[in-house]
Novice: 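The structure's right below; bear with me while I get my questions together.
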Amino acid sequence: MEDVTGLSEMRAWTRSRRARGRRVAFVPTMGALHEGHLRLVDRAREGADAVVLSVFVNPLQFGPHEDFARYPRDLDRDRALAAERGVDCLFAPDRDAMYPAEPLVQVAPGPMAERFEGAVRPGHFAGVLTVVAKLLHLVEPDVAWFGRKDFQQAMLVRRMARDLDFGVAIEVAPTVRELDGLALSSRNAYLTPDQRRTALALSRALRSVEQAWRGGAADPEAVRAAGRAALAAAGVTPDYLALVDEELRDVERVTAATVALVAGRVGTTRLLDNVVLGEGVSGDPTVRRG
Ligand code: AMP
């Protein structure tokens with residue numbers, strides 16, 4: 001595995017490979033790698049000759065009172081995990097190289113970013129899309145992989161690439177979960193054992209939503225009520241529990257393609273989860289671990 005930190009070095013790395021006809025796949029991350037990230041690497045490798053993984057904790061997407069300073073960082077561990085998983089190039093640029101100054105121009109994410117995470121975290125998606133745009137311009141991959149765990153983000157990246165003609169294929173892989181259903185997240189490291197148990201309410205709520213729909217309910221209110229009950233039983237007040245389509249619009253009737261989104265705070269930690277109803281929580285890949 002090659003270590004790259006320089007921006008022009010990164011571009012040269014991909015260009016030399018693409019010039020030789022190699023297909024390059026890209027997996028952007030903020031590090032603190034877990035099996036969710038590493039499965040993206042597996043998927044990326046299946047359809048490409050070389051995989052680039054980036055590690056960059058993007059200050060632009062954190063609000064002033066969010067966890068930027070304490071976000072878990074361990075580049076040595078990330079490097080070892082990436083190398084072991086067959087990543088060909090680890091791109092870990094410095095903050096000063098990425099942002100020599102606060103950027104005056106950012107990507108305007110539009111209406112898909114106004115709800116859900118965008119409403120709870122003002123400016124978040126402008127920060128996300130701006131860094132993803134920069135990374136895609138620096139890495140110049142043929143294809144980039146994102147996790148469905150961050151559904152709103154993945155749909156926004158897909159629309160940005162399409163609407164602004166990035167010329168890169170955007171692929172979305174399913175959410176990797178612990179055996180008990182908890183979606184893997186770097187932020188799970190913040191949870192105490194008690195909070196870890198409470199956090200299961202999110203995936204449980206999604207299962208309840210799914211069961212209500214499988215039981216024949218198609219009215220969004222009726223389906224959502226099942227999820228709300230599961231959250232209330234665990235004492236979790238959701239920021240939102242919604243039934244949406246790929247453009248993050250509320251659906252009028254719940255179908256197999258409908259996505260149930262949930263987010264809430266457990267202690268001080270914000271957690272998100274979602275399910276494509278037709279695929280189901282149990283259709284998502286799992287990992288064996290504590
Ligand atoms: P992050 O480092 O949290 O910014 O995530 C980097 C990429 O990994 C994003 O595309 C995430 O959606 C994806 N990701 C994070 N957690 C998971 C998970 N549990 N399953 C699948 N993808 C994930």
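Start at 1 and go down the list; that is how both ligands and their atoms are numbered.
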Novice: Looking at Asp49 and Arg17, does any basic side-chain N land under 4.0 Å from a carboxylate oxygen?
Specialist: no

Novice: Check side-chain hydrogen bond (donor to acceptor under 3.5 Å, both in side chains) between Arg224 and all other residues, then give those that pass, not counting sequence neighbours.
Specialist: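 Scan of Arg224 (side-chain hydrogen bond (donor to acceptor under 3.5 Å, both in side chains), adjacent residues dropped) gives Glu221.
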
Novice: For ligand 1, list every N/O pair with the protein closer than 3.5 Å, one pair per line with the distance.
Specialist:
| from | atom 1 | to | atom 2 | distance (Å) |
| --- | --- | --- | --- | --- |
| ligand 1 | 2 (O) | Met30 | N | 2.9 |
| ligand 1 | 2 (O) | His37 | NE2 | 2.9 |
| ligand 1 | 5 (O) | His37 | NE2 | 3.4 |
| ligand 1 | 10 (O) | Gly147 | N | 2.9 |
| ligand 1 | 12 (O) | Gly147 | N | 3.3 |
| ligand 1 | 12 (O) | Gly147 | O | 3.2 |
| ligand 1 | 12 (O) | Asp150 | OD2 | 2.7 |
| ligand 1 | 16 (N) | Leu184 | O | 3.4 |
| ligand 1 | 19 (N) | Val176 | O | 3.0 |
| ligand 1 | 19 (N) | Leu184 | O | 2.8 |
| ligand 1 | 20 (N) | Val176 | N | 2.8 |

Novice: Tell me the salt bridge (charged side-chain N to carboxylate O under 4.0 Å, His left out) pairs involving residues 93-102, sequence neighbours left out?
Specialist: none

Novice: According to ring pair (Phe, Tyr, Trp, His ring centres under 6.0 Å), does anything in residues 125-173 pair up with another residue at least two apart or in another chain? List the pairs.
Specialist: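 Residue pairs with at least one partner in residues 125-173: His137-Phe166.
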
Novice: Do the side chains of Glu35 and Arg85 get close enough for a salt bridge, i.e. N-O under 4.0 angstrom?
Specialist: yes

Novice: Could you walk me through whether Phe26 and Val168 pass side chain to side chain contact (heavy atoms under 4.5 Å, CB included), step by step?
Specialist: CA-CA 10 Å; Phe26 176 41; Val168 58; over 6 Å; no

